[in-house]
Number of protein chains: 2
Amino acid sequence: MKHSIPDTEKPFIDAYRARATAYPRPSVTVDLVILTVQDTDLKLLLVRRKQPPFADWWALPGGFVRVGDGFEDQGESLLDAAHRELAEETGLPRDKVFLEQLYTFGDADRDPRMRVISVAWYALVRPDLAPFVTAGSDAAEVRWVSLSHERPEALAFDHDRIVDTAVERIRGKVDYAPIAFDLVPPTFTVAELRAVYEAINGQRYDASNFRRRFKRMIDDGLVARAPGKRHTARRPAAVYSFVR
Amino acid sequence: MKHSIPDTEKPFIDAYRARATAYPRPSVTVDLVILTVQDTDLKLLLVRRKQPPFADWWALPGGFVRVGDGFEDQGESLLDAAHRELAEETGLPRDKVFLEQLYTFGDADRDPRMRVISVAWYALVRPDLAPFVTAGSDAAEVRWVSLSHERPEALAFDHDRIVDTAVERIRGKVDYAPIAFDLVPPTFTVAELRAVYEAINGQRYDASNFRRRFKRMIDDGLVARAPGKRHTARRPAAVYSFVR
DNA sequence: CCAAAAGTGTTAACAGTACACCCATGG
DNA sequence: CCATGGGTGTACTGTTAACACTTTTGG
């Protein structure tokens, strides 16, 4: 949304800039809640901090939004900043990962250094891509932790609260938005999709009833039969793919 | 969430501050989508801008977040900033108005002056309080515009998009969260509550079926019968109040 | 008395839940 | 051949939607 400035307004704007830059401004970061589902539970990507504050603590990946010089060059959008951080931390390309804004955390003193406002995002990574994440990262110590049973120790800053907000959000959303499909491989079985629902909501679903629900998704054109079968320990299962 | 800084970390933090302040930072504002329901349609509060850019355009109420000096004094939280702006623009006290964070808009060039990131909030004002709003404001030109039929002309900045986002949000939320009760007087009739649903979703509801839905709210303890009746042109209706 | 809103009742369609049961396969 | 997950069917319950109907009031 680029607006041009009429010549008549230019003097006002210069005056404004001079006044505004005299006032302190907050730093703005993007923080990422990166989630996947593996072995029937929900997992979160954490990075180990190297610098104070909270040196050696586990924290959400994130970083400062690039603002340019703030005037002629206004830098990157928040979405671009989130995608850039995601790529830097996971090595995964933009189009392979679901990314959506979560909430903005801006209490005073949430960072002891200075006023920092954090725009939090959550990302959903397919389980077939998740194993490559740790390798792709630039030497920083990263780790997937399970959120289902072994909830991790306290995180840096207010990151615990951010994680809680993200989990609440996807729980509320999984039943009416097609986000579960971002947490299964490109082709998947009914049981695999059910496992995602179970991991997110922390409860078991009746296999038979879930199957009927799945049939409605087929009727609605949301998913379609894919060629082949999944050969596991027991009876092979039909595989499906997400449409669009 | 106040974290104390260990003495051993202080030198790092000072170094960090010196480095960080050298980089440009964005300005951060809060913008408010203030809504009410009157005469069976959804209304939005707009203010007329006096200063460039967009002088004389209609825009959402809002203003800069107070950051203090950014270090020892980190200023006000985003929620406090939103409540402060709400009080300044409407004169309504904190506890009379529902206020919730909406989304953060941070594209580059959304403000021609400089990089501005806007944390948008939406507020729901009871119709019995809405008439006092224009009076309470500090001489700025303000106006309620209908969103249901006569959608207003283009707004300043990306405020049209912010309004759209707010309307989408409350439409999605009205069916599972008790936000409709923030858009009726303290005591209300079934028809009045139905009018709120109709204004928000832009569709008519069968009076009889809505009544049954309302009965479930009573069973769930969400609403309770209030003393008296509403005397209008026709047959008087029972009045109810929201519980908790 | 009559228009119009308040309020009651009936029915069909459909989604959620619990559970019984058959099917196909690898070990 | 058998344990196990894949897959089918059924009965019960509660919710939604459409609509016919009665009641109560002001003008």
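Not measured: the values here are computed from a predicted model. Heavy-atom basis, side chains included; hydrogens, waters and symmetry copies ignored. Order of the sequence lines fixes the chain letters, A, B, ..., with proteins taken first and strands second; residue numbering starts at 1 for each chain.
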(request) For the pair Phe132(A) and Thr90(A), evaluate side chain to side chain contact (heavy atoms under 4.5 Å, CB included) and give the outcome as yes or no after the intermediate values. (result) CA-CA 8 Å; Phe132(A) 300 105; Thr90(A) 67; over 6 Å; no
(message) Please determine whether a side-chain nitrogen of the Lys or Arg among Asp175(B) and Arg213(B) lies less than 4.0 Å from a carboxylate oxygen of the Asp or Glu.
(response) yes
(request) Rounded off to whole Å, could you give me the CD-to-P distance for the Glu192(B) and dG7(C) pair? (result) 11 Å
(message) Regarding Ala238(B), tell me which of base, sugar-phosphate or nothing describes its non-hydrogen contacts under 4.0 Å with the strands shown.
(response) sugar-phosphate
(message) As a quick check of understanding, evaluate ring pair (Phe, Tyr, Trp, His ring centres under 6.0 Å) for Tyr240(B) and Phe214(B), giving each step before the final call.
(response) CA-CA 10 Å; Tyr240(B) 299 84; Phe214(B) 192 89; 4.8 Å; yes
(request) Decide if atom OH of Tyr205(A) counts as having more than 12 heavy atoms of other residues, nucleotides or ligands within a radius under 6.0 Å. (result) yes
(request) Decide yes or no for Asp107(B) and Arg161(B): does some side-chain heavy atom of the first lie under 4.5 Å from some side-chain heavy atom of the second? (result) yes
(request) Rounded off to whole Å, could you give me the CG-to-P distance for the Leu193(A) and dG6(D) pair? (result) 13 Å
(request) Specify the separation, in whole Å, of atom CZ of Phe214(B) and atom P of dT16(D). (result) 15 Å
(request) To the nearest Å, give me how far apart NZ (Lys215(B)) and P (dA6(C)) are. (result) 14 Å
(message) Without decimals, in angstroms, what is the distance between Arg194(B) CZ and dG7(C) C1'?
(response) 11 Å
(message) Generate the contact string for nucleotides 13-21 of chain C. Rules: B means base contact, S means sugar-phosphate contact only, - means no protein heavy atom under 4.0 Å.
(response) --SSBBB--
(request) Determine: side-chain N/O of Lys229(B) to OP1/OP2 of dT25(D), distance under 4.0 Å, yes or no. (result) no
(request) Please lay out, stage by stage, how Trp121(B) and Leu78(B) fare under the test side chain to side chain contact (heavy atoms under 4.5 Å, CB included). (result) CA-CA 10 Å; Trp121(B) 299 70; Leu78(B) 294 176; 3.9 Å; yes
(request) For Arg171(B) and Asn201(B), work out which heavy atoms get closest and say how close. (result) CG-OD1, 3.6 Å
(request) Please state how far atom CZ in Arg211(A) lies from atom C1' in dG5(D), giving the value in whole angstrom units. (result) 10 Å
(message) Would you compute the distance between atom CD of Gln38(B) and atom CG of Asp128(B) and round it to the nearest 0.5 angstrom?
(response) 10.0 Å
(request) Measure the CG-CZ distance between Leu193(B) and Phe181(B) for me, rounded to the nearest 0.5 Å. (result) 5.5 Å
Each nucleotide N or O in nucleotides 25-27 of chain C that has a protein N or O under 3.5 Å away: list the pair and distance.
from    : atom 1 : to        : atom 2 : distance (Å)
dG26(C) : O4'    : Ala233(A) : O      : 3.0

